[in-house]
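Lettering follows sequence order; numbering is per chain, from 1.
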There are 2 protein chains.
Amino acid sequence: MKYDIDQTCKILKALSHPDRLKIVIGLYHDECNVSSCQKKMGLPQSTISQHLKTIKEAGICVSMRKGNQVCYKVVNEFAIEVIKIIEG
Amino acid sequence: MKYDIDQTCKILKALSHPDRLKIVIGLYHDECNVSSCQKKMGLPQSTISQHLKTIKEAGICVSMRKGNQVCYKVVNEFAIEVIKIIEG
DNA sequence: GGAGAATAATATAATAATTGAATAAAGAAA
DNA sequence: TTTCTTTATTCAATTATTATATTATTCTCC
């Protein structure tokens with residue numbers, strides 16, 4: 001096994017919600033902040049923020065504060081491989 | 001997108017439970033019936049059977065009756081690609 | 001019919017999703 | 001420095017879904 005089963009399941013679970021999967025795919029192409037995700041997705045800010053928290057806790061992305069914004073970036077290798085499969 | 005987001009999420013969700021992921025990886029290498037899964041996993045028959053139902057409903061595998069047993073087989077292309085990534 | 005195998009039904013506990021409201025943090029401006 | 005604006009997070013409450021065991025039923029072969 002290249003990847004640990006339990007750790008992998010956490011990532012799969014985080015990716016298994018359509019809104020979160022769309023957010024992660026979006027972040028993979030354009031690192032961005034909460035409100036630009038919000039505009040893309042058309043969901044309340046708190047909902048986006050909670051999804052980002054889930055994504056971050058799964059280790060899929062990291063966040064960096066830049067002034068009054070927080071920029072999110074996908075860093076997990078396994079998640080990136082899954083995104084590549086989905087995009088074909 | 002090679003794969004549909006909503007359909008993909010159903011598969012990811014089904015794979016996101018450690019026991020189910022182990023079952024699917026096992027089935028990918030050795031198609032087998034409920035009781036041989038049960039012996040491998042050490043879980044009650046009904047639990048295995050319910051996991052297999054979830055896996056089947058997500059479209060990951062199909063089942064074929066062979067006498068008084070039912071043989072499960074992984075058929076979903078996306079799921080197979082994910083397994084290959086996990087195994088490295 | 002009886003044994004073994006699979007599925008269905010039910011119940012309960014645990015976990016996840018959703019979102020308005022409150023809070024915090026940074027920057028700009030009075 | 002105090003206040004306002006923008007951006008983001010956390011809280012809290014509700015609702016929905018999932019996990020699992022137990023029990024009962026169905027199916028297939030002998």
Pairwise distance CG(A/Leu21) to OG1(B/Thr8) - rounded to 0.5 angstrom: 7.0 Å
Derivation of the salt bridge (charged side-chain N to carboxylate O under 4.0 Å, His left out) call for A/Lys2 and A/Glu81: CA-CA 13 Å; A/Lys2 183 174 178 189; A/Glu81 292 195 65; 3.6 Å; yes
Please tabulate, for side-chain N and O atoms in residues 59-75 of chain B, each donor-acceptor pair with protein atoms closer than 3.5 Å (sequence neighbours left out).
unit_1, atom_1, unit_2, atom_2, d
B/Ser63, OG, B/Lys56, NZ, 2.7
B/Arg65, NH1, B/Gly67, O, 3.4
B/Gln69, OE1, B/Asn33, ND2, 2.2

Separation of atom CD in B/Glu57 from atom P in D/dT17, rounded to whole Å: 15 Å
Sugar-phosphate only, base, or nothing, as touched by A/Ser35 at under 4.0 Å among non-hydrogen atoms: sugar-phosphate
Atom pair CZ (B/Phe78) and CD1 (B/Ile83), whose distance is rounded to the nearest 0.5 Å: 10.5 Å
Any B/Thr47 side-chain nitrogen or oxygen under 4.0 Å from OP1 or OP2 of D/dA21: yes
Whole-Å gap separating C1' (D/dA13) and CD (A/Gln50): 12 Å
Verdict with supporting geometry, A/Lys10 and A/Gln7, side chain to side chain contact (heavy atoms under 4.5 Å, CB included): CA-CA 5 Å; A/Lys10 282 177 189 154; A/Gln7 181 54 31; 4.2 Å; yes
Flag, side chain of A/Asp30 to backbone of A/Cys32, donor-acceptor distance under 3.5 Å: no
Outermost nucleotides of DNA chain C that come under 4.0 Å of a non-hydrogen atom of chain A: C/dA16 to C/dG27
Nucleic acid contacts of residues 59-76 of chain A, taken as heavy-atom distances under 4.0 Å to DNA chain D: A/Asn68, A/Gln69, A/Val70, A/Tyr72
Side chain to side chain donor-acceptor pair (under 3.5 Å) involving B/Gln38 - partner list, sequence neighbours excluded: none
Atom-pair distance (NZ on B/Lys53; C1' on D/dT18), nearest Å: 13 Å
Length of the CD-P vector between A/Gln45 and D/dT6, whole Å: 12 Å
Phosphate OP1/OP2 of D/dT20 contacted by B/His51 side-chain N/O (<4.0 Å): yes
Heavy-atom pair of closest approach, residues B/Leu27 and B/Cys37: CD2-SG, 4.1 Å
Value rounded to 0.5 Å, distance of OG in B/Ser16 from NE2 in A/His17: 12.5 Å
Strand-adjacent residues in residues 7-28 of chain A, judged by heavy atoms under 4.0 Å from DNA chain D: none
B/Tyr3/A/Glu87 under side chain to side chain contact (heavy atoms under 4.5 Å, CB included): CA gap, chis, key distance, verdict: CA-CA 7 Å; B/Tyr3 296 104; A/Glu87 297 196 314; over 6 Å; no
Throw together a table of side-chain donor-acceptor distances under 3.5 angstrom for residues 41-52 of chain A, partners on residues two or more places apart or in other chains.
unit_1, atom_1, unit_2, atom_2, d
A/His51, ND1, A/Arg20, NH1, 3.3

Nearest-angstrom distance from the residue atom CE of B/Met41 to C1' of D/dT20: 14 Å
Position toward the 5' end of DNA chain C (nearest nucleotide), B/Val34 or A/Thr54: B/Val34
